[in-house]
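A short write-up of the structure that comes next.
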Amino acid sequence: MIYDIIIVGGGPAGMSSALYALRENKKVLIIEKESFGGQIATAPRLENFPSIEKISGLEFSDKLFEQINNLGVEFELDDVIGITKNNDKDFIVKTTNNVFNCHAVIIANGCHHKKINLPNEDKFIGSGISYCATCDGPFYKGEEVNIIGDANSAMQYALMLSSYCPKVTMYALFDHLFGDAILKQKVYSNPKIDIKYNMSLTSFEGDDTLTGLTFKNTKTNELVNVKTNNVFIAIGQQVDNNRFSNLVKLDNGYIVVDSNMETSTKGIFAAGDTIKKDIRQVINACSEGSLAAINAVKYLS
Ligand SMILES: Cc1cc2nc3c(=O)[nH]c(=O)nc-3n(C[C@H](O)[C@H](O)[C@H](O)COP(=O)(O)OP(=O)(O)OC[C@H]3O[C@@H](n4cnc5c(N)ncnc54)[C@H](O)[C@@H]3O)c2cc1C
């Protein structure tokens with residue numbers, strides 16, 4: 001069995017690629033390692049996608065999945081661990097459990113949450129440390145909660161948590177917030193959200209579960225201890241593309257593409273948050289996914 005196109009990742013970019021390729025009657029397989037929807041599935045609200053005033057990230061993902069499912073996409077839940085050339089034209093996509101053949105590949109594996117990389121971080125995941133307020137926020141309903149981060153994701157988390165928590169404290173590394181003006185306005189005007197600036201986390205406290213956080217104030221060098229059973233970390237994303245570096249050129253980990261979304265290897269395309277670019281939003285991921293598919297279809301013919 002040989003697929004026309006194999007898509008790595010079932011986020012907005014991967015599913016948009018599938019949509020365009022399927023409408024050209026291509027045989028398409030999407031391989032997704034966790035769950036379809038990607039990062040946006042964890043977002044409480046998507047409010048900046050044209051024609052949809054407000055939708056939850058999960059509902060948006062479900063609708064996109066339903067659309068490609070109705071068009072006959074094939075899908076596999078597995079982790080893609082590498083891509084090799086089979087011959088001059090075809091590719092072998094290797095997953096943890098299987099091997100698939102195709103004529104073209106679209107890499108749309110997105111990004112994932114960055115860790116702070118301090119002792120106890122892995123140990124306390126699920127025992128006080130969370131990277132997803134949508135998933136874990138409701139566990140702290142009615143409690144005071146903490147967020148480390150200073151940009152869009154952190155602000156979205158703060159706004160969402162403030163709808164059912166009495167106080168949300170954001171710890172920002174610098175002396176200001178980054179990100180969208182409209183989100184900043186909402187955060188600044190929300191009386192439940194307190195922002196502590198110039199705070200650099202130095203340790204996660206606790207034995208078996210999180211019991212506190214220690215920050216260093218980078219202006220005064222003062223150590224600040226916060227007794228708490230929770231922290232939401234929203235400090236950005238990182239990519240995981242070394243597994244593709246045998247075939248695609250990377251820049252600082254991100255995949256380099258041309259204006260056709262083609263990588264340094266003919267027949268391998270990439271789209272979405274995984275590529276080298278400035279703006280990482282759903283609308284861009286979908287647009288790049290469509291471009292990758294259109295150009296992959298051209299390549300096939
Ligand atoms: C909390 C939050 C809120 C956001 N809010 C907004 C918003 O309001 N508006 C907006 O426009 N954008 C928002 N974004 C950004 C938006 O979600 C991303 O830009 C978008 O999801 C990128 O889509 P993508 O398909 O490129 O990557 P992703 O969404 O990251 O999807 C990539 C998929 O690939 C899978 N994958 C990764 N590696 C492999 C592998 N080796 N094998 C198989 N599968 C793999 C992953 O599991 C994932 O499902 C938000 C992001 C977050 C985290």
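Here the structure is a predicted model, which means the values were calculated and not measured. When a ligand or atom number is given, it counts from 1 through the structure's own listing order.
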Closest protein heavy atom to [atom], given as residue, atom name and distance to 0.1 Å:
atom                    : value
atom 35 (C) of ligand 1 : Glu32 OE1, 3.2 Å
atom 42 (N) of ligand 1 : Val80 N, 2.9 Å
atom 13 (C) of ligand 1 : Ile40 CD1, 3.6 Å
atom 30 (O) of ligand 1 : Gln39 NE2, 2.7 Å
atom 1 (C) of ligand 1  : Tyr157 CE1, 3.5 Å
atom 2 (C) of ligand 1  : Ala43 CB, 4.0 Å
atom 7 (C) of ligand 1  : Leu46 CD1, 3.7 Å
atom 9 (N) of ligand 1  : Asn48 OD1, 2.9 Å

Ion pair [X]/[Y], N-O distance below 4.0 Å:
X      : Y      : answer
Asp150 : Lys196 : no
Lys276 : Asp251 : yes
Lys26  : Glu74  : no

At under 4.0 Å between heavy atoms, which part of [X] makes contact with ligand 1: side chain, backbone, both or neither?
X      : value
Arg243 : side chain
Ala285 : side chain
Met15  : neither
Ile31  : backbone

Quiz item: Can a non-hydrogen atom of Asp78 be found less than 4.0 Å from any atom of ligand 1?
Solution: yes

Quiz item: At a 4.0 Å cut-off, with the gap strictly under it, does some heavy atom of Ser35 reach an atom of ligand 1?
Solution: yes

Practice problem: Would you confirm whether the ring centroid of Tyr140 sits within less than 6.0 angstrom of the ring centroid of Tyr164? | Solution: no

Exercise. Would you please indicate if the ring centroids of Phe100 and Phe91 are separated by under 6.0 Å?
Key: no

Nearest non-hydrogen contact with [atom] belongs to which option: [options]?
atom                    : options                      : result
atom 24 (P) of ligand 1 : Cys286, Pro12, Ser61, Gly38  : Pro12
atom 37 (C) of ligand 1 : Ile107, Asn109, Ile283       : Asn109
atom 27 (O) of ligand 1 : Gly37, Gly110, Ser153, Ala41 : Gly110
atom 10 (C) of ligand 1 : Gln156, Gln281, Glu47        : Gln281

Has the side chain of [X] got a donor or acceptor atom that lies under 3.5 Å from a matching backbone atom of [Y]?
X      : Y      : answer
Asn70  : Glu66  : yes
Asn190 : Lys192 : yes
Glu121 : Ile116 : yes
Asn246 : Ile83  : yes
Arg280 : Asp273 : yes
Glu288 : Gly272 : yes

Quiz item: What atoms in ligand 1 come closer than 4.0 Å to a heavy atom of Asp79?
Solution: 40 (C), 41 (N), 42 (N)

Below the 3.5 angstrom mark, is there an N/O of [X], backbone or side chain, next to an N/O of ligand 1?
X      : value
Ala271 : no
His113 : no
Thr274 : no
Val282 : yes

Quiz item: Using the ring of each side chain (for Trp, its six-membered ring), is Tyr171 parallel, tilted or perpendicular to Phe215, with breaks at 30° and 60°?
Solution: parallel

Exercise. Describe, in one word, how the ring planes of Phe178 and Phe174 are oriented to each other, choosing from parallel (under 30°), tilted (30 to 60°) and perpendicular (over 60°).
Key: perpendicular

